[in-house]
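A short worksheet on the structure shown next.
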Protein chains: 2
Amino acid sequence: MPRSSNPKPRRTKAEQRAESREQILDGAEYLFSQRGLYGVTLKDVAQQVGVHASLLHYYFDDKRGLFEAVVDRRASVTTDRRMEAMDDYELQAGDSVTVEGALHAFLDTDLDLYLNGSEGLRNYAAMGSQIANTVEGGEVFNEHFDRVVLRLIDLLKKAMPDAADEDIFWGYHFVNAGLMATVARTRRIDRLSGGLCRLDDYTAVQARMAPFMAAGFIAICQERALARASETVAAGD
Amino acid sequence: MPRSSNPKPRRTKAEQRAESREQILDGAEYLFSQRGLYGVTLKDVAQQVGVHASLLHYYFDDKRGLFEAVVDRRASVTTDRRMEAMDDYELQAGDSVTVEGALHAFLDTDLDLYLNGSEGLRNYAAMGSQIANTVEGGEVFNEHFDRVVLRLIDLLKKAMPDAADEDIFWGYHFVNAGLMATVARTRRIDRLSGGLCRLDDYTAVQARMAPFMAAGFIAICQERALARASETVAAGD
DNA sequence: ATTATCTATAGATCTATAGATAATGC
DNA sequence: ATTATCTATAGATCTATAGATAATGC
């Protein structure tokens with residue numbers, strides 16, 4: 001029942017190729033976001049798209065090739081946008097980079113993309129949050145994300161020059177967790193809150209996430225800095 | 001190579017049954033934590049444990065039965081412990097419940113259990129964090145966790161009587177995300193930090209998580225409370 | 001006599017490939 | 001003539017079941 005039944009409009013082969021690839025990637029992205037990598041068979045994807053299963057092999061060789069193509073299609077687009085947002089912020093903030101500002105730059109681009117973006121982008125994000133937690137699948141994503149993370153950490157160090165690296169990394173751990181859980185869109189928060197919160201209410205998330213995380217950062221970085229200071233005093237040097 | 005080759009010590013049938021069940025559950029728990037629900041076949045589990053695949057059907061009927069048995073074995077134990085910890089805290093704190101205190105009660109029991117506990121418990125937690133993000137698998141867990149969550153929210157409302165429910169739920173969303181990401185134990189933070197942070201360093205996590213999240217809560221609850229107040233003033237009533 | 005475990009196997013499903021057919025491109 | 005798509009099928013793997021065998025329990 002997918003598969004348009006109206007007579008195909010004339011297309012060049014290149015167009016046809018591109019369109020078929022895109023449709024297959026869309027279908028795979030959607031199914032992977034629902035059931036993870038192993039929960040989806042090539043046949044499922046073919047059925048979802050409305051093409052024959054062997055066509056997936058024609059375009060993507062094998063299952064791993066298909067998965068990597070799904071990631072490659074989006075990864076550079078989204079990471080580029082985030083890098084840009086952080087570059088812009090740094091330029092604009094000059095010497096007065098703040099934790100909250102850096103986090104807004106880091107988070108809001110992604111939240112906007114994944115909560116307000118196309119259905120494909122939303123599926124991609126949900127897929128990522130599910131697979132990034134995986135031992136194997138995680139690697140495919142992390143190689144794309146590492147540079148974005150290190151850029152954020154760089155900004156955070158500027159905003160908190162006295163903080164210990166350790167504390168900044170721990171803070172990042174919590175930030176990333178919140179981001180992943182949000183774009184996963186499992187709607188648990190919707191259910192728990194009885195509809196009071198809606199996970200894809202971008203404005204609500206955007207208004208709370210950076211401030212929440214910024215306060216957390218400042219708390220642990222200051223607290224630990226004080227603890228270190230008093231240890232030094234107690235040690236007598 | 002699993003499967004002890006030394007002559008079996010004499011055991012009663014009930015003991016044998018219990019031991020076989022446990023071993024199968026351990027193996028399944030481990031494999032599910034590594035590759036998720038769909039990434040593991042019954043044959044994989046049988047091989048891991050060193051028994052014949054058909055034995056899994058004998059004990060657990062089918063794959064879903066096995067999965068549910070894995071969850072059932074741990075779920076009530078861990079949720080009971082957490083409920084107890086929160087009850088104890090409330091009793092001890094009396095009228096002066098704090099956000100950080102409530103979060104310590106909520107988080108540290110779990111962190112202790114899952115970072116310091118037996119290998120089985122650690123696997124269980126990693127499995128949960130991976131599967132809770134899933135559309136299907138999530139349900140199995142959430143039905144156990146809901147009461148723990150609502151208990152925490154109850155405590156948080158006591159600590160912040162002026163906060164909007166909405167803000168408390170959003171804060172919880174971030175807390176839970178951090179907890180899940182921590183017990184998932186993918187070691188991404190270890191890699192990113194170049195070994196500076198270790199995800200299973202219980203003391204490090206315990207010292208930072210509740211303070212981080214508490215500061216976040218207070219930030220968004222106060223900020224939003226102020227915003228509501230000024231809206232009211234602006235509206236003139 | 002009952003229960004735990006293993007053997008054998010049916011039937012379904014999955015990945016992957018070879019080769020046929022249908023459409024576009026010169 | 002080249003490329004996109006489909007048909008047919010091999011071979012592997014998976015779940016599940018029936019029935020045989022080995023061990024424990026009276």
Side-chain angles (χ1 to χ4, degrees), chain A residues 1-28 30-32 34-70 136-137, chain B residues 1-28 30-32 34-70 136-137:
Chain A
M1 40 232 72
R3 177 69 161 182
S4 73
S5 53
N6 41 1
K8 292 171 194 164
R10 290 288 153 221
R11 294 172 302 183
T12 158
K13 281 194 178 180
E15 281 169 358
Q16 198 171 344
R17 177 178 196 87
E19 193 179 317
S20 287
R21 266 187 64 105
E22 290 295 303
Q23 284 185 346
I24 293 169
L25 290 177
D26 286 345
Y30 167 72
L31 290 175
F32 286 150
Q34 294 292 307
R35 308 172 39 126
L37 211 48
Y38 301 109
V40 177
T41 70
L42 294 175
K43 202 172 189 175
D44 293 336
V45 176
Q47 211 166 335
Q48 169 78 17
V49 180
V51 299
H52 201 274
S54 59
L55 201 61
L56 311 197
H57 290 107
Y58 173 66
Y59 280 113
F60 303 103
D61 283 5
D62 55 18
K63 195 174 177 180
R64 174 148 191 113
L66 174 60
F67 170 62
E68 286 177 358
V70 169
E136 306 190 40
Chain B
M1 44 216 86
R3 178 70 162 183
S4 74
S5 52
N6 39 1
K8 293 170 193 166
R10 292 287 154 222
R11 294 172 302 183
T12 159
K13 281 195 179 182
E15 282 169 357
Q16 198 171 342
R17 178 179 196 85
E19 191 179 318
S20 288
R21 266 187 62 103
E22 290 296 304
Q23 284 184 346
I24 294 169
L25 291 177
D26 287 345
Y30 168 71
L31 289 176
F32 286 150
Q34 294 291 308
R35 306 174 40 124
L37 211 48
Y38 301 109
V40 177
T41 70
L42 294 176
K43 201 171 188 176
D44 292 337
V45 176
Q47 210 166 336
Q48 168 78 17
V49 179
V51 299
H52 201 275
S54 60
L55 200 61
L56 311 197
H57 290 107
Y58 173 67
Y59 280 113
F60 304 102
D61 283 6
D62 55 17
K63 194 174 177 180
R64 174 147 192 114
L66 174 59
F67 170 61
E68 285 176 359
V70 169
E136 306 189 39

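Note on naming: letters A, B, ... go to the chains in the order of the sequence lines (proteins, then strands), and numbering restarts at 1 for each one. Just so you know, these numbers come straight off a predicted model, no measurement behind them.
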For C:dA22, the Watson-Crick or wobble counterpart (both distances under 3.5 Å):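 By the stated definition (distances under 3.5 Å), D:dT3 pairs with C:dA22.
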Mate of D:dT9 where both pairing distances stay under 3.5 Å, Watson-Crick or G-U: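 With both distances under 3.5 Å, D:dT9 matches C:dA16.
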Crowding at CZ, B:F67 (>12 non-hydrogen neighbours, <6.0 Å):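 Count over threshold, so yes.
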Expressed as a whole number of angstroms, how long is the span from [X]:[atom1] to [N]:[atom2]?
| X | N | atom1 | atom2 | result |
| --- | --- | --- | --- | --- |
| A:Q16 | C:dA23 | CD | C1' | 7 Å |
| A:E15 | C:dA23 | CD | C1' | 15 Å |
| B:L56 | C:dA4 | CG | P | 15 Å |
| A:R17 | C:dA23 | CZ | P | 19 Å |
| B:I24 | C:dA4 | CD1 | C1' | 11 Å |

B:D44 side chain to B:T41 backbone, donor-acceptor under 3.5 Å: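 Yes.
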Find every protein N or O atom lying less than 3.5 Å from an N or O atom of nucleotides 8-15 of chain D, and list the pairs.
| from | atom 1 | to | atom 2 | distance (Å) |
| --- | --- | --- | --- | --- |
| D:dT15 | OP2 | B:L42 | N | 2.9 |

Sugar-phosphate only, base, or nothing, as touched by A:Y59 at under 4.0 Å among non-hydrogen atoms: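 Sugar-phosphate: the residue A:Y59, judged by heavy atoms under 4.0 Å, touches backbone atoms but no base.
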Residue-phosphate contact under 4.0 Å: B:Y58 side-chain N/O, C:dA4 OP1/OP2: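 Yes, such a contact exists.
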Which atom pair, heavy atoms only, marks the closest approach of [X] to [Y]?
| X | Y | value |
| --- | --- | --- |
| B:I24 | B:V49 | CA-CG2, 3.8 Å |
| B:V70 | B:A28 | CG2-CB, 4.0 Å |
| B:Q48 | B:G27 | CG-CA, 3.9 Å |
| A:K63 | A:L37 | NZ-O, 3.4 Å |

Residue A:K13, side-chain heavy atoms: nucleotide from D:dA23, C:dT24, D:dT5 that is nearest: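 Shortest atom-to-atom distance from the side chain points to C:dT24.
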